[in-house]
Amino acid sequence: MRGFRTLIVNTLVALLPIAAEVLRFLEVFDWHFYLEPRDALWAMLIVGGLNIFLRRITRTPIGGDA
């Protein structure tokens, strides 16, 4: 699983706003109600920090041997 953690987290982070916008379009879920633009900046900071952390603990390329 080493090497895939960063890829998995970044894929989920990339898909989350797309899924939220599709749900908002379908009038199922309005993410603007739960996350103000100011809070989105904090979320981006946290995601960036998580990506830095994952990059530091990942020592192998994707699919590489541990």
Side-chain angles (χ1 to χ4, degrees):
M1 180 95 176
R2 291 192 81 99
F4 282 101
R5 289 181 290 206
T6 303
L7 183 62
I8 290 169
V9 168
N10 286 319
T11 300
L12 292 175
V13 166
L15 292 177
L16 184 62
I18 294 169
E21 282 298 314
V22 168
L23 291 174
R24 186 176 71 89
F25 178 75
L26 297 174
E27 297 179 355
V28 175
F29 175 77
D30 185 9
W31 68 270
H32 292 101
F33 181 73
Y34 297 98
L35 187 65
E36 299 283 329
R38 182 198 63 193
D39 298 333
L41 294 174
W42 282 107
M44 289 170 34
L45 179 65
I46 291 167
V47 167
L50 179 61
N51 284 326
I52 290 169
F53 171 73
L54 286 172
R55 186 65 256 160
R56 297 286 296 154
I57 65 172
T58 303
R59 294 185 178 92
T60 58
I62 296 172
D65 292 327

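All residue numbers in this chain count up from 1 along the given sequence.
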Qualifying residues under side-chain contact (heavy atoms from CB on, under 4.5 Å), relative to L45, sequence neighbours excluded: W42
List the atom pairs, with distances to 0.1 Å, where a side-chain N or O of residues 47-54 and a protein N or O form a donor-acceptor pair under 3.5 Å, not counting sequence neighbours.
unit_1 : atom_1 : unit_2 : atom_2 : d
N51    : ND2    : N10    : OD1    : 2.9
N51    : ND2    : V47    : O      : 3.3

Are I46 and L15 in one and the same hydrophobic cluster, where Ile, Leu, Val, Met, Phe, Trp and Tyr link if side-chain heavy atoms are under 4.5 Å apart? no
Taking F25 as the starting point, is it possible to reach V28 by hopping between hydrophobic residues whose side chains are less than 4.5 Å apart? yes
